[in-house]
Each structure stands twice: as structure tokens, then as C-alpha cells.
Amino acid sequence: MSSIPQNSPSLSCLELCKSTREMKQLQALTMKTRPIQIQLLYSKIMSAGDFSSPESLSYARSIVKHVESPDIVIYNALIKGFSGFNEKSSSFEAMALFKEMMMKGLVPDTYTLPYVLKACAQCQSLSHGEQVHGHSIKTGLSSSVYIVNTLMRLYAVCGIIVSVRKVFDYSSHRDLVSWTTLIQALVKMGHAREAINVFFQMCRENLIADQRTMVIVLSACARLGDLSLGTQIHRYMHDNIVDYDVFVGNALVDMYLKCGHATSARKVFGEMPVRNVVSWNSLISGLAQQGQFKEALDVFYDMQTIGLKPDSFTLVAVLNACANLGILELGKWIHAYMDKNHIPSDGFIGNALVDMYSKCGSIEEAFKVFQGMKCRDVYSYTAMIVGLAMHGEAERALQIFSLMPQAGVKPDEVTFVGVLSACSHAGLVEEGRQHFQDMSKVYNLKPQTEHYGCMVDLLGRAGLIREAEEFILQMPIEPDAFVWGALLGACRIHTKVELGETVMGKLMDIEPGRDGAYILMSNIYSSANRWKDALKMRKIMKERNLKKTPGCSSIEVDGIVHEFQKGDNSHPRNIEIRMLLEQMALQLHNYGHFDSTVLPV
DNA sequence: GTAGGGTTAG
């Protein structure tokens, strides 16, 4: 390059270029004249840093093909450029360039390797990454802390925690980024407790965390749902004067909610000097996860009021709240909003939509969304199957299930809860048995108590009480209240007093403080005309002051949500509602329906 | 010119 005279006309023209387009024109001219100037031109393009689009990068790459001997600076710049896009083809290009430079005998430096490792990480290309790792050891570059950290990152995204740990343990230089990357990798792989231990170890080595470390540590606390730990970390931030930024604030809001402390979450949220859409999403979805659906919607309305545009995370959380409150109107509004803003009903949001429609009683709308989805994953299928089962459409639920293998979607444990409950509702004993068997034999899934409970329910409803009992005795895991409860339910339907009493004993051992079993048992006695015993059950419940599971329901009429709790008479139109309920119960009674749960209180 | 951050479903 030094051979080019400083007064070269093309160089001075180059100084005047203001855009890639102008440089392209100049390049067309120079290409024909002196090849060496292409390299100069190219260096200029590099320093202009116009790599905002893959197109401009490809263009730069195409120029390099004309350069006789590109140097390491050019390769580094190109590899950096291609590794800067979160796209597989770009990452592959970066890796190809790395190979190319090696073939040309150029020796990568401490800048090259982090760039190319970033590309490997982006497309989770472990084999390429391992080659680069090997290369770094051979050339002695592996002592560079940047290379150590990008190697750890690579193994972390590939999910190989052992290798992350190895690189960390064997490296002579570690900095805050190394520790943070290790902590992050552990959290990601579900070892949150260990991540926290590593954080404390880091503190013992007198390193002070910064915001990025704190965000990850807080996410570990959130995963653990450990409030006292989370609070301790919050205090650490105060003591070490770790400044809040919006990321830290969001992580705190999320942590407090996942630890079940909505008050602190709201306090942090309220004190945040800057909030973004993620802050709002954390609060809304966190409240919904805590079962505070109405509160979640109130926050959503506040967000609307300040004019902040919801994103797909917001919409998923709001749909979740709608589903649980049965607010079809708002759910439909969200759907319309999506259409208007060209948000496709795919992925998380499509699944949330299916769930919302089916829980709000619009099973056909749910089906429409499900059918219109471009890609369906196990969540989509499960939501649809569970929804159909809930609506008593067992045949259709099982039909959807049968489509899963050909779609290449593997059912999981929750899918089978849907499948088995569909069989149970439809009384499909043989089919249920088959699916239960397939669960472990074909799909290699371990049945959990929910699945055993479904089977007991299935057998029990069908009157196969003895078999249901044996089924429980043969369980490889400890039966819980769900399983015994299913058997007690069967005893109620088929008036099995003696067995009911035995099961009742088991349930009292497991869940002595719950009222459900007493109510069922009392109903069993009533069915057997043993009124005295039935009354005794109710009396015991009162005496022991049992924790009542509050029966709760809600309905939305003209945009207003009306919530009802068991024994709650606070609704302004309570009297009218009670009268209507009584009439309905009477009519049901006249039609031969004697279920005590619908009789007037 | 190099590395580490938060929120979503059945």
C-alpha cells in the first residue's frame, strides 16, 4: 500500500466518497486500471464501516475476491461483519472466510478468534468451534481472556456445560465476563442453585459485579423462586452501589414476581426512572403467573393509557389473563389487534390464542386458529387437545393427537394428560389403556401422578373400581392426593361406602387440611342414604375449621368482569342471581339431574 | 477493531 503515491488521483477521489454507492462507481473505474488500488479502496470501505446490511457486506466480500493477497486486517473486518448478523448464512460465511484465510497461510490473531467463535456460537456449530478451540491452544492464543470468554459462550449456547466449566477452570486469566458467562451458562442449563454458589465464590475472590452480572444472578433467584435469596441479592446491589439501569430494574421486577412478592415488584416498577416495554411485560406476565389476572389486566390498561405499544410478549400475557378470567371480548380484541398490526398467529402467541378461545368456550374459534397456524409445536397440539377434551369432544381430541406423528411433533407429558382426560370423559377405557402404555413404551415418557390419576378416573368412572384400586397399588411412584381423589370420586359415582372410607383415611394422611375429601365423603354417605354420617362429615369440617378451597368463577358481560367466590354474596345483583340459579336447579331436577352441586344452597 | 444482560404458551 505504501507504494501508492499520496497524490494518486483515485485516492483523493476516494476521500470525497460519501456512500457505498459512490465507492462502487469509483471501484468500477479502478478495477480496470490498477488491481492494487482495489485493496486500498477496500480498506476504505472497511474504515467507512458501512456493514449495516448483509448486502453491503456481500459486496465487500465480492471485492476481496479480486484482491490478490488480502491481509489479516481485511479478513478480520469481514469476519467481524459476517458474525455481526444473527443469521445462519452470515455466520457460515464468517466461518468460510476463516477457513479461507488459513488456507492462504495467514495466521489468525486475538481479534480473529472471538469474531469467528461468535459466528460458531450463533449457528451452534460445535465442530467448527472445537476446531477453532484447538487452533487457539496450538497457537498459544487460548490465554487471551477474550478468547476464553467467547469459547465459554460457544459451549454455553451448545449446552455443553462441562466444556464451559473446563475452559473456565483451565484459563489463567478470568475477568468479570468469564464469571458472568459461567453463571449464565449454569442458569440456562437449569442449575440455578449452582450458579448462585459460583456468584458467591466470585464475591469471595473480591470481584464486584456489574449490572450485567446482576441481571443474570437475579434471573437465577427468579428461577429458584427464593425470595430471601433474591432480597439478599437486592441488598448486595445497594451495598456495592451497583447502579440500576432498565435491565436491572426489569430483572428485579421479574425476580420479585416469580418469588411471589408482587408488592416489592410493584415498588421497584414504580421507582424505575426509565421503563420500556419489557418492564411492563415483566409486570403483566408476572402478575398473571401469580394468578392475579385482574391486576395484570389493570396494568395492561395503564400501559394503553400512556400510549405504549404492546409487543407479542404483552399480548401472550394478556391472552393468558383473558383465558383464566374467561374474558372472551378482550381476547377477541387482542386477536383483531394482531390482524390489524399484521402479527401472525404463530408460535407463542398462536398457542396463547388457541388456549384463550378454548378456555373462553369458543372451541371452534380455537380450532380455526389452530388450523391456520403455519407451524404447530407440542404446545399448539396440547392446547388444542386439552381444549377439545374440556369441551367433551373426545373423538376430535384423539383425532388431533393422531396427527402428531406425521407432523413430526412428539407429544410430552402434558399432551398425555389431555389425551387421557379425553378418554376418561368419553369412557374410552381400552383406548385410554393403550395410550397410557404407549406413553412409556413408544414415547419414553415417565407417567406422573397426574397420568395415574387420569387412569384411576377413567377406570373408576367406567365402574372398574377394583381395577382402579389395583392400579394404584401397582404404581411405581407414591400416589398423591390427585390419585386418591380420583378414586374417591369414583366411589361417589358408584356409591362405594367402605372403599370410600379407606380412601378417605389415605387422603387425611396426605392432605389433612383440605376440605375436598370431606365433601366427597359426605356426598357418598348421602348417596347411600346414610344421612347421619353425611352430617357428621360436615360437622367435622366445621370443627376442624378446614381450609376451604375457594370455588371461584368469573364472567364478562359488556366488558365488565364479574367475579364470584363460594359463599360470596357481595354482587350488587346477588338476589336476582340466586333466584335464577334456584330456578335453573329446579328445572335440572325436573329433568332428572340430581347432582347436589347445582342444588340451591 | 475482540467477550457477558431482562419479559412469553399447553
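Just the heavy atoms: all of them, side chains too, but no hydrogens, waters or symmetry mates, feed the values below. Naming: A, B, ... by sequence-line order, numbering from 1 per chain. Here the structure is a predicted model, which means the values were calculated and not measured.
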Seminar exercise, completed: Taking B:dT7, B:dG4, B:dG10 as options, the one with an atom nearest any side-chain atom of A:Val386 is B:dG10
Problem set entry | Spacing of A:Met237 atom CE relative to B:dG5 atom C1', expressed in whole Å | 12 Å
For this session: For A:Gln184, report the nucleic acid contact type (base, sugar-phosphate, nothing); a contact means any heavy atom under 4.0 Å.
Result: sugar-phosphate
Exercise. Just checking A:Leu176: base, sugar-phosphate only, or nothing, at a heavy-atom cut-off of under 4.0 Å?
Worked result: base
For this session: Spell out yes or no: do the side chain of A:Thr382 and the base of B:dG10 have one donor N/O and one acceptor N/O closer than 3.5 Å?
Result: yes
Problem set entry | Between A:His261 and A:Ser264: side-chain donor-acceptor atoms closer than 3.5 Å | yes
Exercise. Across the strands shown, which category fits A:Asp311 at heavy-atom distances under 4.0 angstrom: base, sugar-phosphate, nothing?
Worked result: nothing
For this session: Pick base, sugar-phosphate or nothing for A:Thr415, based on heavy-atom distances below 4.0 Å to the nucleic acid.
Result: base
Problem set entry | From B:dG10, B:dT2, B:dG5, nucleotide with atom closest to A:Asn320 side chain | B:dG10
For this session: Measure from CG on A:Asp377 to C1' on B:dT8 and round the result to the nearest Å.
Result: 12 Å
Exercise. Between atom CG in A:Leu252 and atom P in B:dT7, what is the gap in whole Å?
Worked result: 12 Å
For this session: Return the value, rounded to whole Å, for the distance between atom CD1 of A:Ile74 and atom P of B:dG1.
Result: 17 Å
For this session: Taking only the side-chain heavy atoms of A:Pro114 (C-beta and beyond), determine which of B:dG1, B:dT2, B:dA3 contains the nearest atom.
Result: B:dT2
For this session: Whole angstrom is fine here: how far is it from CG in A:Asn324 over to P in B:dT8?
Result: 15 Å
Exercise. Side chains of A:Thr180 and A:Thr213: do they bring a donor and an acceptor to under 3.5 Å?
Worked result: yes
Problem set entry | Rounded interatomic separation in angstrom, taking CD1 from A:Ile233 and P from B:dG5 | 18 Å
Exercise. Under 4.0 angstrom, heavy atoms only, what part of the nucleic acid is A:Thr110 near: base, sugar-phosphate, or nothing?
Worked result: base
For this session: Using a 4.0 Å heavy-atom cut-off across all strands, classify A:Val354 as base, sugar-phosphate, or nothing.
Result: nothing
Exercise. Quick one: do A:Asp226 and A:Arg193 make a salt bridge, cutoff under 4.0 Å?
Worked result: yes
For this session: May I ask you to verify if any side-chain N or O of A:Arg153 is less than 4.0 angstrom from the OP1 or OP2 atom of B:dG5?
Result: yes
Exercise. Under 4.0 Å between a Lys/Arg side-chain N and an Asp/Glu carboxylate O for A:Lys294 and A:Asp298?
Worked result: no
Problem set entry | hbond_proxy A:Asp412 side chain to B:dG10 base (donor-acceptor, 3.5 Å cutoff) | yes
Exercise. Is there aromatic stacking of A:Tyr111 against B:dT2, centre distance under 5.5 Å, plane angle under 30°?
Worked result: no
Seminar exercise, completed: Against the side chain of A:Phe313, the closest entry in B:dT7, B:dA3, B:dA9 is B:dT7
Problem set entry | Integer-rounded Å distance: B:dT8 P and A:Leu283 CG | 12 Å
For this session: Using a 4.0 Å heavy-atom cut-off across all strands, classify A:Val417 as base, sugar-phosphate, or nothing.
Result: nothing
Exercise. Can you tell which of B:dA9, B:dA3, B:dG10 lies closest to the side chain of A:Asp175?
Worked result: B:dA3
For this session: Look at all strands and tell whether A:Thr213 reaches a base, only sugar-phosphate, or nothing, counting heavy atoms closer than 4.0 Å.
Result: base
Exercise. Counting only side-chain N and O atoms of A:Gln289, is one of them less than 4.0 Å from OP1 or OP2 of B:dT7?
Worked result: no
Seminar exercise, completed: Winner on side-chain proximity to A:Asn149, out of B:dT7, B:dG4, B:dA3, is B:dA3
Exercise. Considering residues, nucleotides and ligands other than A:Lys166, do more than 12 of their heavy atoms fall under 6.0 Å from its NZ?
Worked result: no
Problem set entry | Residue A:Asn281, side-chain atoms from C-beta onward, closest of B:dT7, B:dA9, B:dG10 | B:dT7
Exercise. Do the charged groups of A:Lys368 and A:Glu364 touch, with an N to O distance under 4.0 Å?
Worked result: no
Problem set entry | Centroid distance under 5.5 Å and plane angle under 30°, A:Tyr379 vs B:dG10 | no
Exercise. Contact class for A:Asn76 (heavy atom, under 4.0 Å): base, sugar-phosphate, or nothing?
Worked result: base
Exercise. Is A:Arg61 salt-bridged to A:Glu100, cutoff N-O under 4.0 Å?
Worked result: yes
Exercise. Considering only B:dG5, B:dT2, B:dG4, which nucleotide approaches the side chain of A:Tyr115 most closely?
Worked result: B:dT2
Exercise. Within the structure shown, what part of the strands sits under 4.0 Å from A:Lys188 by heavy-atom distance: base, sugar-phosphate, or nothing?
Worked result: nothing
